[in-house]
**Q** 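What follows is a structure written as structure tokens; I'll ask about it next.
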Amino acid sequence: AGTLSWNTPALSGDVTGAHTATAVGKLQGRTVATTAPTEGQVLVWNATTTQWEPGPRRITATKTADESYTSTTQANVTNLAIPVAAGQNYIFKFYVMYTSAATNTGLRLGVTNPTRVLSANARFRIAADGTASIFEGALTASGDVVISTGVPATTTAYLAEVEGLFICTTSGTLQLTYASEVAASQVTVKQNSI
């Protein structure tokens with residue numbers, strides 16, 4: 001009788017240590033920071049410090065189909081929402097391609113959010129290129145709305161933008177909302193709005 005034993009070589013590279021205690025210190029040969037993440041953070045590459053470290057996640061949401069609406073009551077824009085976590089700050093921007101069935105019918109845009117501080121701007125094309133062709137308004141609370149007053153032509157897709165800063169204290173969803181400026185007149189948020 002006897003005993004059987006073997007030697008396992010120490011691990012090296014991205015995973016280091018012995019077979020009984022290993023650690024991942026690198027990903028793809030790049031150092032992983034020892035900083036502990038907080039809720040809502042993910043591992044991101046920081047080119048300045050040349051290491052992987054906890055940071056905010058970048059979320060991209062894209063509309064997969066045109067969506068038309070004729071009411072003046074705000075509705076959620078399908079696919080244009082992002083999850084938000086308590087204790088995190090978010091910089092966001094929605095690019096909305098839209099058309100209107102009538103030149104005197106504008107688009108209403110807003111955002112809803114769980115709680116706390118929201119500061120955003122909404123911009124719309126309301127006239128032909130030149131002076132006074134852009135309308136801009138402020139969104140300062142969940143459910144607040146900025147209303148444009150028409151479009152230069154009904155056959156053209158125009159770009160509206162909503163961008164701002166959201167300081168989140170309760171986890172939930174930051175949701176883009178829309179409606180028609182004029183009851184029973186159709187506005188359409190186009191596919192590939194993002």
**Q** Does L43 reach the side chain of L27, with side-chain heavy atoms less than 4.5 Å apart?
**A**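 A side-chain contact under 4.5 Å exists here.
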**Q** Rounded at 0.5 Å granularity, tell me how far CG in N79 sits from CG in L176.
**A**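 So the gap between those two atoms works out to 11.5 Å.
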**Q** Evaluate S180 against Q186 for side-chain contact (heavy atoms from CB on, under 4.5 Å), listing each step before the verdict.
**A** CA-CA 6 Å; S180 177; Q186 182 174 292; over 6 Å; no
**Q** May I ask you to check whether Y69 and Y178 place their ring centres under 6.0 Å from each other?
**A**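 That pair passes the under 6.0 Å test.
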**Q** Write down the atom of A122, the atom of L139, and the distance for their closest heavy-atom approach.
**A**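 Smallest heavy-atom distance, with atoms named: CB-CD1, 4.5 Å.
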**Q** Which atoms form the tightest heavy-atom contact between F94 and L80, and what is the distance?
**A**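 For F94 versus L80, the nearest heavy atoms are CE2-O, 3.8 Å.
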**Q** Show the numbers, then the answer: is there a side-chain contact (heavy atoms from CB on, under 4.5 Å) between R108 and V187?
**A** CA-CA 9 Å; R108 298 171 182 247; V187 291; over 6 Å; no
**Q** Hey, could you give me the OH/CG distance between Y90 and L165, rounded to the nearest 0.5 Å?
**A**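 One gets 11.5 Å once the value is rounded to the nearest 0.5 Å.
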**Q** Could you check whether the rings of W45 and W52 sit parallel, tilted or perpendicular, using 30° and 60° as the cut-offs?
**A**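 Geometry flag for W52 against W45: perpendicular rings.
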**Q** Indicate, with yes or no, if I194 and L159 share a hydrophobic cluster defined by side-chain heavy-atom contacts under 4.5 Å among Ile, Leu, Val, Met, Phe, Trp and Tyr.
**A**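 Yes, L159 connects to I194 through the hydrophobic network.
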**Q** Would you confirm whether R123, through its side chain, and A160, through its main-chain N or O, come within 3.5 Å as a donor-acceptor pair?
**A**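 It does not hold such a pair.
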**Q** Run L109 and F124 through side-chain contact (heavy atoms from CB on, under 4.5 Å) and show every step you take.
**A** CA-CA 10 Å; L109 286 177; F124 305 86; 3.6 Å; yes
**Q** What is the distance from atom CZ of R125 to atom OG of S148, rounded to the nearest 0.5 Å?
**A**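 It comes to 12.0 Å.
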**Q** Please report the closest heavy-atom contact between Q41 and A36, naming both atoms and the distance.
**A**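 Shortest heavy-atom separation between Q41 and A36 comes out as OE1-O, 4.5 Å.
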**Q** Do you reckon I126 sits in the same ILVMFWY cluster as Y98, going by side-chain contacts under 4.5 Å, direct or chained?
**A**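 Both belong to a single hydrophobic cluster.
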**Q** If I compare all heavy atoms of A81 with all of Q175, which pair ends up nearest, and what's the gap?
**A**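 It is CB-OE1, 3.1 Å.
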**Q** S193 side chain to M97 main-chain N or O, any donor-acceptor pair under 3.5 Å?
**A**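 At least one qualifying donor-acceptor pair exists.
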**Q** Is it possible for you to say whether V189 and Y158 belong to one hydrophobic cluster, with membership spreading through side-chain heavy-atom contacts below 4.5 Å?
**A**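 In one cluster with V189: Y158, yes.
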**Q** Determine yes or no for a side-chain-to-main-chain donor-acceptor pair under 3.5 angstrom, with S100 supplying the side chain and T105 the backbone.
**A**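 Between the backbone of T105 and the side chain of S100 there is a qualifying donor-acceptor contact (under 3.5 Å).
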**Q** V146, F92: one ILVMFWY side-chain cluster at the under-4.5 Å cut-off?
**A**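 In one cluster with V146: F92, yes.
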**Q** Can you tell me how far apart CZ (R30) and OG1 (T49) are? Round to the nearest 0.5 Å.
**A**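 Nearest 0.5 Å value for the CZ-OG1 distance: 11.5 Å.
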**Q** Which value, rounded to the nearest 0.5 Å, describes the distance between E161 atom CD and E136 atom CD?
**A**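 Rounded to the nearest 0.5 Å, the CD-CD separation comes out at 9.0 Å.
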**Q** State yes or no: do F166 and V145 share one hydrophobic cluster built from I, L, V, M, F, W and Y residues joined by side-chain heavy-atom distances below 4.5 Å, directly or via other members?
**A**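 Each belongs to a different hydrophobic cluster.
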**Q** Rounded to the nearest 0.5 Å, how far does CD of Q191 lie from OG1 of T64?
**A**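 Reported value, rounded in 0.5 Å steps: 7.0 Å.
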**Q** Restricting to non-hydrogen atoms, name the atom on G110 and the atom on Q74 that form the minimum distance, rounded to 0.1 Å.
**A**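 In terms of heavy atoms, the two residues are closest at N-NE2, 3.8 Å.
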**Q** Any donor-acceptor pair under 3.5 Å linking the side chain of E67 with the backbone of T78?
**A**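 Answer holds: yes.
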**Q** Start with the C-alpha gap between T149 and E181, add the side-chain angles, then the distance that decides, and say whether side-chain contact (heavy atoms from CB on, under 4.5 Å) holds.
**A** CA-CA 7 Å; T149 58; E181 177 203 10; 4.0 Å; yes
**Q** Have a look at N113 and tell me which of I82, L174, I167 forms a side-chain contact (heavy atoms from CB on, under 4.5 Å) with it.
**A**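 The option that passes is L174.
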**Q** Just one of V111, N121, T177 clears the side-chain contact (heavy atoms from CB on, under 4.5 Å) bar with V162, so which one?
**A**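 That would be V111; it is the only one of V111, N121, T177 passing the side-chain contact (heavy atoms from CB on, under 4.5 Å) with V162.
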**Q** Is it the case that the side chain of Y95 and the backbone of N192 share a donor-acceptor pair, with hydrogens and angles ignored and the cut-off at 3.5 Å?
**A**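 No: the side chain of Y95 does not pair with the backbone of N192.
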**Q** Minimum heavy-atom separation for S71 to A179, with atom names?
**A**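 Residues S71 and A179, closest heavy atoms: O-CB, 3.4 Å.
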**Q** State whether the side chain of T31 and the backbone N or O of Q51 hold a donor-acceptor pair below 3.5 Å, judged by distance alone.
**A**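 Not confirmed, T31 side chain does not pair with Q51 backbone.
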**Q** Whether the side chain of T188 engages the backbone of K190 through a donor-acceptor N/O pair (distance < 3.5 Å, no angle test) should be reported.
**A**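 The answer is no, because no donor-acceptor pair under 3.5 Å joins these two groups.
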